[in-house]
Amino acid sequence: MNKKQLYQQKMQAQLDEWKAEADKLKAKTSGRSADTQLELKKQIETLERKIAQGKTKLAEFAESSEEAWETAKEGIESAWGSIKSSLNEAADKFKR
């Protein structure tokens with residue numbers, strides 16, 4: 001397996017992990033007040049939207065040439081930073 005494929009597998013595993021985290025957070029919303037549930041739902045929807053965008057970026061990355069994958073990697077890392085930030089924001093709201 002080459003570097004690009006290994007990187008792609010690593011990023012896919014991270015996306016899968018974040019999706020599982022989003023699902024866990026979604027399950028934790030029950031039992032909260034209606035206002036809190038609405039706020040948490042918005043956070044989770046934002047997170048899920050960013051995860052979907054990450055999947056799109058990863059698909060674009062998969063189609064990049066061997067020569068261009070290092071440049072495409074920058075876009076992935078930017079998207080991953082955004083996803084991680086959204087996940088942290090949502091998780092912080094559950095701690096309150």
Side-chain angles (χ1 to χ4, degrees):
M1 214 177 265
N2 65 30
K3 282 183 174 183
K4 178 184 172 191
Q5 291 169 327
L6 290 172
Y7 181 80
Q8 186 175 345
Q9 281 185 341
K10 177 183 171 185
M11 295 298 103
Q12 182 62 55
Q14 184 66 67
L15 270 181
D16 293 343
E17 183 180 319
W18 285 332
K19 176 66 174 132
E21 289 287 326
D23 291 343
K24 286 180 193 176
L25 292 176
K26 193 183 296 185
K28 289 181 180 181
T29 60
S30 63
R32 307 273 180 138
S33 71
D35 288 340
T36 302
Q37 282 186 18
L38 286 173
E39 184 179 342
L40 294 172
K41 183 179 179 198
K42 286 179 187 177
Q43 286 289 139
I44 292 169
E45 287 173 352
T46 298
L47 175 60
E48 289 176 330
R49 192 171 39 256
K50 287 184 179 186
I51 289 171
Q53 291 169 347
K55 287 181 182 182
T56 300
K57 285 275 187 200
L58 194 58
E60 291 169 2
F61 175 81
E63 295 191 16
S64 66
S65 68
E66 284 297 317
E67 298 79 32
W69 81 271
E70 285 288 342
T71 303
K73 182 177 162 182
E74 293 172 14
I76 293 270
E77 290 175 359
S78 174
W80 265 231
S82 179
I83 294 168
K84 186 171 181 149
S85 176
S86 290
L87 179 61
N88 289 338
E89 286 176 29
D92 285 346
K93 292 206 186 260
F94 278 91
K95 292 177 184 176
R96 296 181 195 162

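As a basis for the values below, the full set of heavy atoms in this structure was taken, side chains included, without hydrogen atoms, waters or symmetry mates.
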Close side-chain approach of [X] and [Y], heavy atoms under 4.5 Å:
| X | Y | result |
| --- | --- | --- |
| K84 | W80 | no |
| S64 | K4 | yes |
| Q9 | Q12 | no |
| L87 | I51 | no |
| E39 | D35 | no |

Gap between atom [atom2] of [Y] and atom [atom1] of [X] - 0.5 Å precision:
| X | Y | atom1 | atom2 | value |
| --- | --- | --- | --- | --- |
| L47 | K26 | CG | NZ | 9.5 Å |
| I76 | K10 | CD1 | NZ | 12.0 Å |
| D23 | W18 | CG | CH2 | 15.0 Å |

Looking at [X] and [Y], would you say the former's side chain and the latter's main chain have a donor-acceptor pair under 3.5 Å?
| X | Y | value |
| --- | --- | --- |
| Q5 | N2 | yes |
| S85 | G81 | no |
| S82 | S78 | no |
| T46 | K42 | yes |

* Please determine if R49 and E45 form a salt bridge, counting it only when a charged side-chain N lies under 4.0 Å from a carboxylate O. => no
* **Pairing of E48 and K19 as salt bridge, 4.0 angstrom limit** =>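 Yes, this pair counts.
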Could you report the tightest heavy-atom contact between [X] and [Y], atom names first, then the distance?
| X | Y | answer |
| --- | --- | --- |
| A90 | Q43 | N-NE2, 3.7 Å |
| G31 | Q37 | N-NE2, 3.7 Å |
| Q8 | A62 | NE2-CB, 3.2 Å |
| L58 | M11 | CD1-CB, 3.8 Å |

* To do: Evaluate the side-chain contact (heavy atoms from CB on, under 4.5 Å) criterion for residues K41 and T29: first the C-alpha distance (whole Å), next the side-chain angles of each, then the deciding distance (0.1 Å), finally the verdict.
  => CA-CA 8 Å; K41 183 179 179 198; T29 60; 5.9 Å; no
